[in-house]
*Asks:* 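My structure is below; once you've seen it, I'll send some questions.
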Amino acid sequence: MSNYHIKHLEEYYQVYRKSVREPENFWEEVAEEHFLWYKKWDNVLSWDFKKPEVKWFEGAKLNITVNCIDRHLTTNADKTAILFEPNNPEEAAEHITYKQLHKRVCQFANVLKDKGVAKGDRVCIYLPMIPELAIATLACARIGAVHSVVFAGFSATALATRINDSDCKMVITSDGSYRGAKTIDLKGIVDEALNECPCVDSVLVVKRINSDINMKAGRDEWVQPLLENASKDCNPEVMDAEDPLFILYTSGSTGMPKGMVHTTAGYMVYTAYTFKNVFQYKEGDVYWCTADIGWITGHSYIVYGPLANGATTVMFEGVPSYPDFGRFWDIVEKHKVNQFYTAPTAIRALAKEGLEVVEKYNLSSLKVLGSVGEPINEEAWHWYNDNIGKKQSPIVDTWWQTETGGIMITPIPFATPTKPTYATLPFPGIQPALMDEEGQELTKNQVTGRLCIKFPWPSMARTIWGNHQRYKDTYFSAFENKYFTGDGALRDEVGYYRITGRVDDVIIVSGHNLGTAPIEDAVNEHPAVAESAIVGFPHDIKGNALYGYVILKDVGEGRVHDNLRKEINQIITEHIGPIAKLDKIQFTKGLPKTRSGKIMRRILRKIASNDTSNLGDTSTLLNPEVVQDIMDNVL
């Protein structure tokens, strides 16, 4: 059956129609033909978006690592599974075969078991992009522990919040990390976080930068000696289809980050199937996604999706600008990369450097280019298409979210005609709907609305860890019987989708979803600050940057303000991480508010974006005079 590998547009439509008409049959065929199960399911799907409750492949038993590693050992034991490219180009790349990966995952899994980690326990992984990050993740899955990977750019406060929320009993980290020419003291950040985390009883430390660090007796251990003494065999834990595989935190528009829970079987089936089709992966290809495993993109399209297909997946430790801006293209040439998946932010930053940086390298191995993290703007799309793909490699502009687990709207390369800035058509099995403000579905083309999904798909998050009510309120309360994505979208005359951006108070900066409320909470902790409001404004490289309007308790002048700006950004770095720093901070006497006390962010966004020709109706404001004052002092 060719359903597993779509090659042209007519076939896409056939497969799509079947996936929508007979979703259970469709996903059952995919699951049956391409994966190993200890026991088949009793029921393909049961769901109720009112509760909301979704179960795929109910009653099935499996282990995802058997599907990602063990089953390739009979045919592809010596094939490279993970190709590690270190930060420093002088350091040799490491090719980890499926056989070696099996051994290393089993050893790591046995170390976890020796330390008392059991099925269902949560393990926090705070590591740089080194092989141990992928191996630790898979080792957790091997024994049925739930991994919670935290991006190693988050601060100690942000790390502690995530550890405590999911009650992790172990943290896996390293002495430090390389980032371009810098090193970062990851162990120091962990030590600070763990002052606030009574649930953690052990810390495993990977040696990476050979720095002097504090090792707390009875809690911290170097992992290498433990691995050397561990058995190379570890029987995989038999997991239920709906057992949790991992928790991954995503910024909310309000309050605590949300621990999205992804389960085992549906996530495996969907990430594998999307990987195969969206990247048109063929045996022998070398695939590279430049994301960090700390984000969903890395979980689904560096680790699980590629390995479930027996692919060679590149893991890159460094940054696109080190030792110079040719680094990405150097790696493409060196490893003859066939599929390249990156973010618009990186594309814009590289485009700014001029073509001589690109033209030194042979990029002829590239077959498919991908974009992820935010909608790609037209200029960046054309630069990428013309100069990297040489107009030969289609761009898959993929739309999806932490919550969706896998790619939802995307072209299929060589099948879907691409259109700059459009994510184009829904992936098989995905049923999008555009809704108007009144909650009615817009069924025609050439409309703009709120993007919802009206039928479950296998890799959707099942709940928010420890808070199902919040899951329901956030995703299933805005529109009855539909999953609300939080994004706006338009559908053109042929049915192509273009994502127009968040409709809530989440701003996408360099592909990171940043909720404004937690940043405002951090700013307001500064003793001099009375109140603040954060909005996004367009930025050439990042897509959006953050603009802060800050009311001070006492109005100081000039130089004091410069110090305050530094201090405010320092607080944000401590609470959330450097990714959330404000590009501009304007001190103001007041904020435009409605009579009910709600800040009119729409007006603040327009002012920050230099778009003040039409501010809309300001008559409902409690204090309309504030608007002019803000405009007079805009940065």
*Asks:* Looking only at side chains, do Thr342 and Thr290 share a donor and an acceptor under 3.5 Å apart?
*Replies:*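 Per modelled atom types, Thr342 and Thr290 side chains form a pair under 3.5 Å.
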*Asks:* Is the backbone of Thr161 close enough, under 3.5 Å, to the side chain of Glu196 for a donor and an acceptor to pair up by distance?
*Replies:*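 A pair under 3.5 Å: no.
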*Asks:* With a 4.5 Å limit on heavy-atom distance, are the side chains of Cys289 and Tyr287 in contact?
*Replies:*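 Side chain of Cys289 against side chain of Tyr287, heavy atoms only: contact under 4.5 Å found.
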*Asks:* Does the side chain of Lys39 reach to within under 4.5 Å of the side chain of Leu62, using non-hydrogen atoms?
*Replies:*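 When only atoms from C-beta onward are counted, Leu62 and Lys39 do not touch, as no gap falls below 4.5 Å.
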*Asks:* Distance-only, no hydrogens or angles: does the Lys258 side chain make a donor-acceptor pair with backbone N or O of Tyr471 under 3.5 Å?
*Replies:*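 Such a contact is absent between Lys258 side chain and Tyr471 backbone.
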*Asks:* What pair of heavy atoms forms the shortest contact from Ile302 to Val314, and how long is it?
*Replies:*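 Closest approach of Ile302 to Val314, heavy atoms only: CG2-O, 4.2 Å.
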*Asks:* Would you confirm whether Asp185, through its side chain, and Gly188, through its main-chain N or O, come within 3.5 Å as a donor-acceptor pair?
*Replies:*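 The answer is yes, because a donor-acceptor pair under 3.5 Å joins these two groups.
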*Asks:* Give a yes or no answer on whether the side chain of Arg162 reaches the backbone of Tyr249 with a donor-acceptor pair at less than 3.5 Å.
*Replies:*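 Not confirmed, Arg162 side chain does not pair with Tyr249 backbone.
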*Asks:* Could you tell me if the side chain of Val44 sits less than 4.5 Å from the side chain of Trp56, heavy atoms only?
*Replies:*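 A side-chain contact under 4.5 Å exists here.
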*Asks:* In the structure I gave you, are the side-chain heavy atoms of Lys454 and Tyr483 within less than 4.5 Å of one another anywhere?
*Replies:*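 Side-chain contact under 4.5 Å: no.
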*Asks:* Under 6.0 Å from the NZ atom of Lys276, do we count more than 12 heavy atoms belonging to anything else shown?
*Replies:*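 Counting other residues, nucleotides and ligands, NZ of Lys276 exceeds 12 neighbours.
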*Asks:* Are more than 12 heavy atoms from other residues, nucleotides or ligands located less than 6.0 Å from atom NZ of Lys336?
*Replies:*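 Incorrect, the count does not exceed 12.
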*Asks:* Cut-off 3.5 Å, side chains only: do Glu22 and Asn25 have a donor facing an acceptor?
*Replies:*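 Yes.
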*Asks:* Trp27 and ring-ring contact (aromatic ring centres under 6.0 Å, His included): which single residue from Phe455, Trp457, Phe57, Tyr273 fits?
*Replies:*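 The single option meeting the ring-ring contact (aromatic ring centres under 6.0 Å, His included) with Trp27 is Tyr273.
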*Asks:* Under a 3.5 Å threshold, yes or no: a donor from one side chain and an acceptor from the other, between Arg122 and Ser148?
*Replies:*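 There is no such pair between these side chains.
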*Asks:* Are the side chain of Asp243 and the backbone of Asp240 linked by a donor-acceptor contact shorter than 3.5 Å?
*Replies:*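 Flag set: sc Asp243 to bb Asp240 pair under 3.5 Å.
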*Asks:* Taking the side chain from Lys115 and the backbone from Ser202, do they hold a donor-acceptor pair closer than 3.5 Å?
*Replies:*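 The answer is no, because no donor-acceptor pair under 3.5 Å joins these two groups.
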*Asks:* Would you tell me whether His147 and Thr137 have side-chain atoms, one donor and one acceptor, within less than 3.5 Å of each other?
*Replies:*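 Checked: His147/Thr137 side chains show no N/O donor-acceptor pair below 3.5 Å.
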*Asks:* After noting the C-alpha distance and the side-chain angles of Ile6 and Gln14, does the key distance pass the side-chain contact (heavy atoms from CB on, under 4.5 Å) rule?
*Replies:* CA-CA 10 Å; Ile6 299 163; Gln14 277 170 0; over 6 Å; no
*Asks:* Does the Ser174 side chain pair with the main chain of Arg208, one donor and one acceptor, at a distance under 3.5 Å?
*Replies:*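 Not a single qualifying donor-acceptor pair exists.
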*Asks:* Between Trp288 and Tyr341, does the ring centroid distance fall short of 6.0 Å?
*Replies:*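 Here the rings of Tyr341 and Trp288 have centres that are no less than 6.0 Å from each other.
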*Asks:* Walk me through it: do Thr183 and Ser177 pass the test side-chain contact (heavy atoms from CB on, under 4.5 Å)?
*Replies:* CA-CA 5 Å; Thr183 54; Ser177 67; over 6 Å; no
*Asks:* For Val303 and Ala134, work out which heavy atoms get closest and say how close.
*Replies:*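 Scanning both residues, the minimum pair turns out to be CG2-CB, 4.3 Å.
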*Asks:* Testing the 3.5 Å rule here: is there a donor-acceptor pair between the side chains of His95 and Gln100?
*Replies:*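 Gln100 and His95 do not have a side-chain donor-acceptor pair below 3.5 Å.
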*Asks:* Students often mix this up, so state it plainly: with edges at 30° and 60°, are the rings of Phe279 and Phe275 parallel, tilted or perpendicular?
*Replies:*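 Answer is tilted, since the angle falls between 30° and 60°.
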*Asks:* Of the options Lys472, His262, His468, Glu53, which is the one that meets Thr463 in a side-chain hydrogen bond (donor to acceptor under 3.5 Å, both in side chains)?
*Replies:*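 Going through Lys472, His262, His468, Glu53 one by one, the side-chain hydrogen bond (donor to acceptor under 3.5 Å, both in side chains) with Thr463 is satisfied by His468 alone.
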*Asks:* Please tell me whether Asp473 and Gln469 have a donor and an acceptor in their side chains that are separated by less than 3.5 angstrom.
*Replies:*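 There is such a pair (donor and acceptor under 3.5 Å, judged by atom type) between the side chains of Asp473 and Gln469.
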*Asks:* Go through the steps for Tyr126 and Phe154 under the test ring pair (Phe, Tyr, Trp, His ring centres under 6.0 Å), then give the verdict.
*Replies:* CA-CA 9 Å; Tyr126 186 75; Phe154 276 118; 8.5 Å; no
*Asks:* Would you kindly check if the NZ (Lys) or CZ (Arg) of Lys207 is within the cone defined by 45 degrees around the ring axis of Trp222 and under 6.0 Å from the six-membered ring centre?
*Replies:*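 Because its charged atom sits under 6.0 Å from the ring centre and within 45° of the axis, Lys207 does stack over Trp222.
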*Asks:* Measuring only between side-chain heavy atoms, which start at C-beta, is Lys99 closer than 4.5 Å to Lys79?
*Replies:*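 Lys99 vs Lys79: side chains apart.
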*Asks:* Could you verify whether a donor N or O on one side chain and an acceptor N or O on the other, from Tyr178 and Glu317, lie under 3.5 Å apart?
*Replies:*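 Tyr178 vs Glu317: no donor-acceptor pair found between side chains.
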*Asks:* Could you go through the side-chain contact (heavy atoms from CB on, under 4.5 Å) check for Arg104 and Glu132 one step at a time?
*Replies:* CA-CA 9 Å; Arg104 290 175 69 172; Glu132 286 80 3; 3.7 Å; yes
*Asks:* Quick one, Lys187 with Glu192, criterion salt bridge (charged side-chain N to carboxylate O under 4.0 Å, His left out). Give me CA distance, side-chain angles, the key distance, then yes/no.
*Replies:* CA-CA 9 Å; Lys187 179 62 166 59; Glu192 190 187 328; over 6 Å; no
*Asks:* List the steps, then state whether salt bridge (charged side-chain N to carboxylate O under 4.0 Å, His left out) holds for Arg142 with Asp70.
*Replies:* CA-CA 11 Å; Arg142 186 83 177 174; Asp70 303 47; 2.7 Å; yes
*Asks:* Please find out if less than 6.0 Å separates the ring center of Phe484 from that of Tyr475.
*Replies:*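 Not under 6.0 Å, so no.
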*Asks:* Step through it carefully: locate the ring centre of Trp400, locate the ring centre of Tyr301, and say whether they are under 6.0 Å apart.
*Replies:*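 Centroid distance Trp400-Tyr301: below 6.0 Å, so yes.
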*Asks:* Check the pair Glu237 / Lys61 against salt bridge (charged side-chain N to carboxylate O under 4.0 Å, His left out), numbers first and verdict last.
*Replies:* CA-CA 10 Å; Glu237 187 71 35; Lys61 303 289 180 198; over 6 Å; no
*Asks:* I'd like to know if the side chain of Asn467 and the backbone of Arg470 have a donor-acceptor N/O pair within less than 3.5 Å.
*Replies:*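 Between the backbone of Arg470 and the side chain of Asn467 there is a qualifying donor-acceptor contact (under 3.5 Å).
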*Asks:* Sub-3.5 Å donor-acceptor pair from the side chain of Lys55 to the main-chain atoms of Glu242, do we have one?
*Replies:*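 No, the answer is negative, given that no donor and acceptor are paired below the 3.5 Å cut-off.
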*Asks:* Run the salt-bridge test on Lys334 and Asp330 with the 4.0 Å N-O cut-off and return the result as yes or no.
*Replies:*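 Salt bridge between Lys334 and Asp330, a charged N being under 4.0 Å from a carboxylate O: no.
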*Asks:* Is the ring centre of His299 less than 6.0 Å from the ring centre of Tyr304?
*Replies:*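 Centroid separation for His299 and Tyr304: 6.0 Å or greater.
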*Asks:* Checking Asn214 against Asp191 for the side-chain contact (heavy atoms from CB on, under 4.5 Å) test, could you report, in this order, the C-alpha distance in whole Å, the side-chain angles of both residues, the deciding distance, and whether it holds?
*Replies:* CA-CA 8 Å; Asn214 288 323; Asp191 289 344; 4.2 Å; yes
*Asks:* Mark yes or no for whether Asn63, through its side chain, and Ala141, through its backbone, hold a donor-acceptor pair below 3.5 Å.
*Replies:*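 A pair under 3.5 Å: yes.
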*Asks:* So that I know where these two stand, are Phe246 and Tyr267 an aromatic pair - ring centroids less than 6.0 Å apart?
*Replies:*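 Yes; Tyr267 has its ring centre under 6.0 Å from that of Phe246.
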*Asks:* Is Arg179 atom CZ crowded by more than 12 heavy atoms from other residues, nucleotides or ligands, each under 6.0 Å away?
*Replies:*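 12 or below, so no.
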